[in-house]
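Below is one structure, written out as C-alpha cells; the observations come after it.
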Amino acid sequence: MHRLFYIAFLLLLAISCTTPAPTAQEIVDKAIAASGGEVIANSSIHFKFRKYYYRATRKDGLRTLERCTDAACQVQQDVIKNNGEFVRFRENAPTTLPDSMKNRYANSVNSVHYFSVLPYGLNDPAVRKSLVDESVVKGEPYYRIKVTFAQEGGGEDFQDEYMYWIHKNRYTVDYLAYNYQTAEGGTRFREAYNERIISGIRFVDYRNYKPEEQYPPLQTLDALYENNNLDLLSIIELEDVEVSSCSAC
C-alpha cells in the first residue's frame, strides 16, 4: 500500500513539474521581441531592393510604406497610407490609376516591406497562427508555426498559407515557407542568411527555393531542403539599410 502511494505521489509530482508547451502567440511575441520589435514600432527604415528604394515609417501604431524609383523620391513614388489607400506620385503630383493597378502595385509594395521586418507583422489583426509541432533543421531545434489570414483585413491574398521555423532558443525566424494562389500559383521556401543587427533591428537576406511539386504540405519543406530537393530560384537581398528613430517623425 505504501509503495503504491509512493508511486502515485511521484507520478503526480512529475505531472505538476511538467512545463506546459508555449502557445503560438507566446512564441511569436518572443520572436518579434528578438528581432527588435520595439524599435521597429517607432522607426523610419530605408533600404534598396533590386531597382527600387523603400522607406517604412512607423509611429504610435500608424505606418506609411513607400517605394521610389530614385533615392530622393522625386521621379516616381508609390505610397501606402495608414488606412491602406494607395497613391502614386510622379514628380510630387498624384496620378490617376485604375483600381486593378492600384491593388497590384499596393500588393507589391506591401510584400517587400512585410518580408523586410519579419516576424514583426505576425501580430496584425488578420493573422491566424497556430503551433503545429517542433522540428530539427541542420541540427537546430525549431517551433513550426502555421499562419493563415482572415478574409476581412487579410488582403487579396488572404488564402495564402505560411509556415515559420522559429528557433527554440534564439527565437529567430531562420526559415519560412508559403504557398500562393495568384498567377499560376506555387510554393516557396526561404532560408535566411547574412544576419545583421542595425540599430537594434535584425535584418536578413534570403535564398528563395522552389519545390518540384506545386503545392506540397508546408511542413515537408524543411526535409526537402535538407535533402537538396529544392531548386534555388533567386536571392533576396536588402541593400543600404538605414534605421532612424521616429521620435521626431
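Remember, it's a predicted structure, so these values are computed and weren't measured experimentally.
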| request: Could you tell me whether Glu226 and Lys138 have a side-chain N and a carboxylate O separated by less than 4.0 Å? | output: no
| said: Taking the side chain as everything from C-beta on, heavy atoms only, tell me whether Glu26 gets closer than 4.5 Å to Thr23. | reply: yes
| How long is the gap from OH on Tyr114 to CG on Asn107, to the nearest 0.5 Å? | 13.0 Å
| query | Is the closest side-chain heavy-atom distance between Asn208 and Ile235 below 4.5 Å? | reply | no
| field | Exercise: do Asn123 and Gln25 side chains pair donor with acceptor under 3.5 Å | value | yes
| query | Between Tyr142 and His167, how do the two ring planes meet: parallel, tilted or perpendicular, split at 30° and 60°? | reply | perpendicular
| message | To the nearest 0.5 Å, what is the distance between SG on Cys73 and OH on Tyr54? | response | 11.5 Å
| Do the numbers put Arg128 on top of the ring of Phe149, so that NZ or CZ is under 6.0 Å from the six-membered ring centre and no more than 45° off the axis? | no
| message | I'd like to know whether Ile40 forms a side chain to side chain contact (heavy atoms under 4.5 Å, CB included) with Glu38, so could you lay out the CA-CA distance, the side-chain angles of the two residues, the decisive distance to 0.1 Å, and finally the verdict. | response | CA-CA 6 Å; Ile40 296 171; Glu38 289 188 2; over 6 Å; no
| Is Ser35 reaching over with its side chain to a backbone N or O of Ile32, donor-acceptor style, under 3.5 angstrom? | yes
| message | How long is the straight-line distance from OG of Ser43 back to CD1 of Ile198, given to the nearest 0.5 Å? | response | 12.0 Å
| Between Asp205 and Arg196, is a salt bridge (charged side-chain N to carboxylate O under 4.0 Å, His left out) present by the stated rule, with each step listed? | CA-CA 9 Å; Asp205 298 324; Arg196 62 269 198 207; 3.2 Å; yes
| field | Residue pair Asn179 / Asp160, side-chain donor-acceptor N/O under 3.5 Å | value | no
| query | Do Ile166 and Leu221 share a hydrophobic cluster, counting only Ile, Leu, Val, Met, Phe, Trp and Tyr and linking them when any side-chain heavy atoms are less than 4.5 Å apart? | reply | no
| Using a distance-only test with no angle check, is there a side-chain donor-acceptor pair under 3.5 angstrom linking Gln74 and Asp70? | no
| message | Closer than 4.0 angstrom, basic N to acidic O: yes or no for Arg144 and Asp133? | response | yes
| Modelled atom types, side-chain donor and acceptor of Lys129 and Tyr162, under 3.5 Å | no
| message | Checking Glu66 against Tyr52 for the side chain to side chain contact (heavy atoms under 4.5 Å, CB included) test, could you report, in this order, the C-alpha distance in whole Å, the side-chain angles of both residues, the deciding distance, and whether it holds? | response | CA-CA 10 Å; Glu66 301 172 65; Tyr52 291 107; over 6 Å; no
| query | Would Val137 and Tyr209 show up in the same hydrophobic cluster when neighbours are defined by side-chain heavy atoms closer than 4.5 Å? | reply | yes
| Hphob cluster co-occupancy, Ile145 + Tyr178, side-chain heavy atoms under 4.5 angstrom | yes
| query | Quick one: do the Tyr225 and Glu191 side chains pair a donor with an acceptor below 3.5 Å? | reply | yes
| query | Taking all atoms of both residues into account, what is the closest heavy-atom pair of Gln214 and Gly185, and its distance? | reply | NE2-O, 3.4 Å
| Glu85 and Ile80: side chain to side chain contact (heavy atoms under 4.5 Å, CB included), yes or no, with the steps? | CA-CA 6 Å; Glu85 179 187 1; Ile80 301 177; over 6 Å; no
| task | In sequence, state the C-alpha distance, the side-chain angles, and the governing distance for Glu237 and Val204, and then conclude on side chain to side chain contact (heavy atoms under 4.5 Å, CB included). | result | CA-CA 8 Å; Glu237 296 178 321; Val204 297; over 6 Å; no
| task | Look at Asp78 together with Arg88 and state whether they make a salt bridge at an N to O cut-off of under 4.0 Å. | result | yes
| Does the side chain of Thr187 come within less than 4.5 Å of Lys210's, by heavy atoms? | no
| field | Atom of Leu131, atom of Ala24 and distance for their closest heavy-atom approach | value | N-CB, 3.5 Å
| query | How long is the gap from OH on Tyr105 to CZ on Arg67, to the nearest 0.5 Å? | reply | 8.0 Å
| query | Between Ser116 and Leu238, what is the shortest heavy-atom contact and its length? | reply | CB-CD1, 3.8 Å
| query | Side chain of Asn110, backbone of Ala106: donor and acceptor closer than 3.5 Å? | reply | no
| field | Over all atoms of both residues, closest heavy-atom pair of Thr57 and Ser44 | value | OG1-OG, 3.9 Å
| How about Tyr175 and Asp222: does a side-chain donor come under 3.5 Å of a side-chain acceptor? | no
| Asn42 vs Asp60 side-chain heavy atoms within contact, under 4.5 Å | yes
| said: Could you tell me if the side chain of Ile236 sits less than 4.5 Å from the side chain of Phe49, heavy atoms only? | reply: yes
| For residues Ser234 and Arg207, is any side-chain donor paired with an opposing acceptor at under 3.5 Å? | no
| Quick one: are Phe189 and Trp165 in side-chain contact, heavy atoms under 4.5 Å? | yes
| Is it true that Phe47 and His113 have ring centroids separated by less than 6.0 Å? | yes
| query | Do Tyr120 and Val109 belong together in a cluster built from hydrophobic side chains that touch within less than 4.5 Å? | reply | no
| query | Which distance, rounded to the nearest 0.5 Å, do you find between the CD1 of Ile27 and the OH of Tyr143? | reply | 5.0 Å
| Which distance, rounded to the nearest 0.5 Å, do you find between the CZ of Arg58 and the CZ of Arg63? | 6.5 Å
| query | Above 12 or not: heavy atoms from other molecules or residues under 6.0 Å from CD of Glu212? | reply | no
| field | Passing option when Asp174 is tested against Arg190, Arg202, Lys168 for salt bridge (charged side-chain N to carboxylate O under 4.0 Å, His left out) | value | Arg202
| said: Is the shortest side-chain heavy-atom distance between Met101 and Phe86 below 4.5 Å? | reply: no
| said: Within the 3.5 Å criterion, strictly below it, is a donor on Tyr180 or Arg188 matched to an acceptor on the partner's side chain? | reply: yes
| Taking NZ, NE, NH1 and NH2 as the nitrogens, is one of them in Asp240 or Arg55 under 4.0 Å from a carboxylate oxygen of the other? | no
| field | Pairwise side-chain contact, Asn229 with Pro211, heavy-atom cut-off 4.5 Å (strictly under) | value | no
| query | Between Leu122 and Val127, which heavy-atom pair has the shortest distance, and what is it? | reply | O-CG1, 3.4 Å
| Where do Ser199 and Val39 come nearest, in terms of heavy atoms and distance? | O-CG1, 3.5 Å
| request: Find out if a path of hydrophobic residues (ILVMFWY) with successive side-chain heavy-atom gaps under 4.5 Å connects Val173 to Val112. | output: yes
